[in-house]
There are 2 protein chains.
Amino acid sequence: MPVNSFEHYPMSWKPERNQLTNPLYVSITKLLEQDIAAGILAPHTKLPPQRELADFLDVNLSTITRAFKICELKGLIYATTGKGTFVSPGANMPNVFTNHESAIDFIEMGVIKPFYQTNSIILNTIQSVLNKPCAERLLEYSNPLGTPFQKQAAQKWLARFQLNTSIDNIMIASGAQNALTITLISLFKPGDKIATDTFTHPNFMNLANLMDIQLVSIAGDECGMLPDALDTICKTNNISGIYLMPNFSNPTNITISLARRKELADVITKHKLILIEDDVYAFLQPQKIAPITGMIPENSVYICSTSKSLCAGLRVAFAAFPDCYRSRIISGIYNINLKTSSFNAEVIAELICSGAAEKIVNKKIDLAKERKDVFLRHFSNHEINADNLCFFQWLPLPKHMDGNFFEKLSKVHGVHVFCSDRFAVGNTKRQTYARIALSSPTDIAELEKGLKIIKSLLENKDISTLKYEFIV
Amino acid sequence: MPVNSFEHYPMSWKPERNQLTNPLYVSITKLLEQDIAAGILAPHTKLPPQRELADFLDVNLSTITRAFKICELKGLIYATTGKGTFVSPGANMPNVFTNHESAIDFIEMGVIKPFYQTNSIILNTIQSVLNKPCAERLLEYSNPLGTPFQKQAAQKWLARFQLNTSIDNIMIASGAQNALTITLISLFKPGDKIATDTFTHPNFMNLANLMDIQLVSIAGDECGMLPDALDTICKTNNISGIYLMPNFSNPTNITISLARRKELADVITKHKLILIEDDVYAFLQPQKIAPITGMIPENSVYICSTSKSLCAGLRVAFAAFPDCYRSRIISGIYNINLKTSSFNAEVIAELICSGAAEKIVNKKIDLAKERKDVFLRHFSNHEINADNLCFFQWLPLPKHMDGNFFEKLSKVHGVHVFCSDRFAVGNTKRQTYARIALSSPTDIAELEKGLKIIKSLLENKDISTLKYEFIV
DNA sequence: AAATTTGTCTATTTACATTTC
DNA sequence: GGAAATGTAAATAGACAAATT
């Protein structure tokens, strides 16, 4: 029996004791999931301390711990010793691609489209692959890890980004998301913890949640993640890995400085973390800062998708891995994909070796430059580097504005954007942002129209006082 | 302290107490893994009872339970209440594709190659897709779940195998292995149990092991899995799913009879299992028995790869799923693949709609018939159905012959085959077999040569007395 | 058929580390 | 800077069920 009456304690979550069935921990997990899914428990809500809840429900402390842990691995809640347990932002947020609508009624600036103007070049390359004498052999099971020609092309492409590696340490995956899946499933196990930026790539977040891998948020500044913060967390938290996007990190648009990369590399080595370096936007980086993987190749998997740089539809990504992970990675590839289509890999390889790839990248850089200039015309007070060609921008929202609210408001006004809640790795409330995909509108006119709408919304002082009810 | 001295007990595994470090369960897990990997603990070895080991190591019973459970989920050991814990067969067996050698020194009858003679037809179809006005759009991110045309083609293809479903219930995956990954990751969680035949598809086994999903072996006869055996296990074992290959099951070559399918469907419904029906060889089945999914669509995912029937290299599989799993499956596709290449899906769709697919299938059926006849000439006492066009056969080995030994022996004599240990889901010792891939030799002459070698090995009475040492 | 062996599962105890005040 | 609050994690205890003898 509970020792005290809790009637006078304002507990944020009061599941009914009589709703519990055996096993208790499963029952508690389900009640919590339901109440979060139903929106009864809003994002950032602080749950009662485990001991208090245990006392209230008259169960053992570790029964609550167990139930909370399951929800935490699913990404529904996040907890810090000493602080408490909180409902994750974005826990209740539907996946965007899942309920995909065609962008007829609104301007797409949420999803990032990587410019499709260059796709006619790809068709020519497919034709030349088809004309190759070896074309028929590309349709077989052989060379599950890629042909020598394909791996050499991959090597050449990676070297372009200062990542030099042997062809025996390269995998060809069916896109970056697939490479991430292979990496996570091969090198990590459920319950493992991976450090990330406080705002990180939502696809990686969702994948980690799906695989019961816990993300731990590490503070950062304008040069990227803070090495000291990482070191501190690692000392106490049994972190197995770290996920970083070194160039134009999605969604914050931060490029990690060379000095910072070196410092982070030291901490990673010190704590024997596995680095997952996702460098999808390397091709947009004019300075070509060396990747972290180059400094610590033995601790790192470097993933370089060609979806943004060359062709989204062919689903080809390259990844470099060290000898020590080879057998596990190869086994992972085999178990998840069996293999990546040789035909698709050959087309990408041909693009790289024929020089068509350079043309595509240059064209995309020009398009990105043009759109950056348009953006700066409308948001002249927004500080961005002159050579920042990123496909998206990260706009701070007015204080106290709920990100989710702004997202819905924009949609009503005809622009699709993503708010920072979608990218937030469990952490207490802070400044909210919106990610604006400059590359996605079909043309400059549409881009300008979208930017004007966003600007007017941000400048309207009355907006932050509006309530959801008005627009939903 | 241990209560008794164990010096006189013959324990099969005696880890040294002083090698244990904290945490104990992790330490015990590692010792067990090492000793299995090193071959110190041979397949089928009975480990000491958990209580005995706990007493011996002076740790708590459930510390052993926890350590054993981790190894069991990895597929290293298997346990039955009342019986004991045993080392899995094939636990120490390297993945075949992983250490791939070119088949120069031997005849390939291990790996199943699905006839490449039809691939020139595919090249023509790729050409016609390339000439389509919509070709450029196939290189975009759009239609992550497939275009309407592709889904209609998939629907048509599935209908060919008597699986009728709405286009909203079809997914396009990057091959069967990828479809299985999506299904497992979306609908199951680590620790879940899935029922399988006693011998099952090794790719599925490996994937389940990788994902910490436990396979539970169910007895069967020549018509397939026994419904009563399934029912009994389900009553007590908290089974979440069942994996079946209804036609020409890999590796046993069993086709589940219609009557048996109905009975199994009843048990599946009764215990609310999720059926994963892998029908990759449906196209070889002349009788076209209705799939189980058709009887219980709400409980089932039906996977139909085109790798064996149409083209291995393009990596396209179709799968049908019910409404109740739609959101989870779509989210899984998005998290694992983002999408399957639209270009590849379009080629397969074009094959199906143009009628080229029928030509390919017919050609493959002719090739399979020819090889079956060759096989029957050499193994006339082996009973197979006249219309069994399966790409492989399942040969019983002489009593007491170690399958692993036979595999190595055959390799030395120039033929690559797979022994039943590779396919065995944890279970006590029994009759051993070899799987002989008839479709893989490059031509009939090579097939005959391979079959002759196998036959002579099986008829040599002295062989079973040989020891590993002679050939390794 | 009853007793024993053996694995399974969940709740409990205990020690500990960090954050907050 | 020390005490209290709070989450983490491993080892332990006990009830239970299947297989064996």
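As the structure is a computational prediction, the values presented were derived from the model and not from experiment. Residue numbers start from 1 in every chain, and the chains themselves are labelled A, B, ... in the order their sequence lines are given, proteins ahead of strands.
- Between N60(B) atom CG and dT14(C) atom P there is a gap of 14 Å when expressed in whole angstrom units.
- The side chain of K69(A) approaches dA9(D) more closely than any other nucleotide in the set dA9(D), dT10(C), dT8(C).
- Identified under the salt bridge (charged side-chain N to carboxylate O under 4.0 Å, His left out) test for residues 205-233 of chain B, with sequence neighbours left out: D221(B)-R260(B), D231(B)-K235(B), D231(B)-K270(B).
- In this structure, L53(A) atom CG and dA5(D) atom P are separated by 17 Å, rounded to whole Å.
- For the ring pair (Phe, Tyr, Trp, His ring centres under 6.0 Å) test, residues two or more places apart in sequence or in another chain that qualify with Y433(B) are F199(B), W394(B).
- By the side-chain hydrogen bond (donor to acceptor under 3.5 Å, both in side chains) test, K189(B) pairs with D192(B), sequence neighbours left out.
- Across all strands, Y25(A) comes closer than 4.0 Å only to sugar-phosphate atoms, never to a base (heavy-atom distances).
- Protein atom CZ of F68(A) is 7 Å distant from nucleotide atom P of dG7(D), rounded to whole Å.
- The shortest distance between the side-chain N/O atoms of Q50(A) and the OP1/OP2 oxygens of dT8(D) is below 4.0 Å.
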Would you list the protein and nucleotides 15-21 of chain D atom pairs, both N or O, that sit under 3.5 Å from each other?
from	atom 1	to	atom 2	distance (Å)
dA19(D)	O4'	T81(B)	O	3.0

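- For K69(A), the salt bridge (charged side-chain N to carboxylate O under 4.0 Å, His left out) partners at least two apart in sequence or on another chain are E72(A).
- Closest-nucleotide positions on DNA chain D for T21(B) and A79(A) were compared, and the one nearer the 5' end corresponds to A79(A).
- We find that CG of D55(A) is positioned 15 Å from C1' of dT12(C), with the value rounded to whole Å.
- L20(B) places its CG atom 13 Å from the C1' atom of dA11(D), with the value rounded to the nearest Å.
- In this structure, R66(B) atom CZ and dA11(D) atom P are separated by 7 Å, rounded to whole Å.
- At whole-Å resolution of the value, CD in Q214(A) and C1' in dT8(D) are 11 Å apart.
- OP1 and OP2 of dT6(D) both lie 4.0 Å or more from every side-chain N or O belonging to T85(A).
- OP1 and OP2 of dC9(C) both lie 4.0 Å or more from every side-chain N or O belonging to T65(B).
- Listed nucleotides dA10(D), dT6(C), dT12(C) differ in distance to P23(B); the shortest reach to its side chain belongs to dA10(D).
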Return all side-chain donor-acceptor pairs below 3.5 angstrom for residues 32-43 of chain A, not counting sequence neighbours, or 'none' if the list is empty.
from	atom 1	to	atom 2	distance (Å)
E33(A)	OE2	K74(A)	NZ	2.3
D35(A)	OD2	W13(A)	NE1	2.7

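- Residue whose closest nucleotide on DNA chain C sits further toward the 5' end, between L24(A) and G84(B): G84(B).
- With hydrogens and angles disregarded, a donor-acceptor distance shorter than 3.5 Å links the side chain of S27(A) to the backbone of T21(A).
- When rounded to the nearest whole Å, the span between CD1 of I239(B) and C1' of dT8(C) equals 13 Å.
- For the pair K193(A) and dA9(D), the criterion of a side-chain N or O lying under 4.0 Å from OP1 or OP2 is met.
- Using a 4.5 Å heavy-atom threshold, the side chains of L184(A) and F204(A) count as touching.
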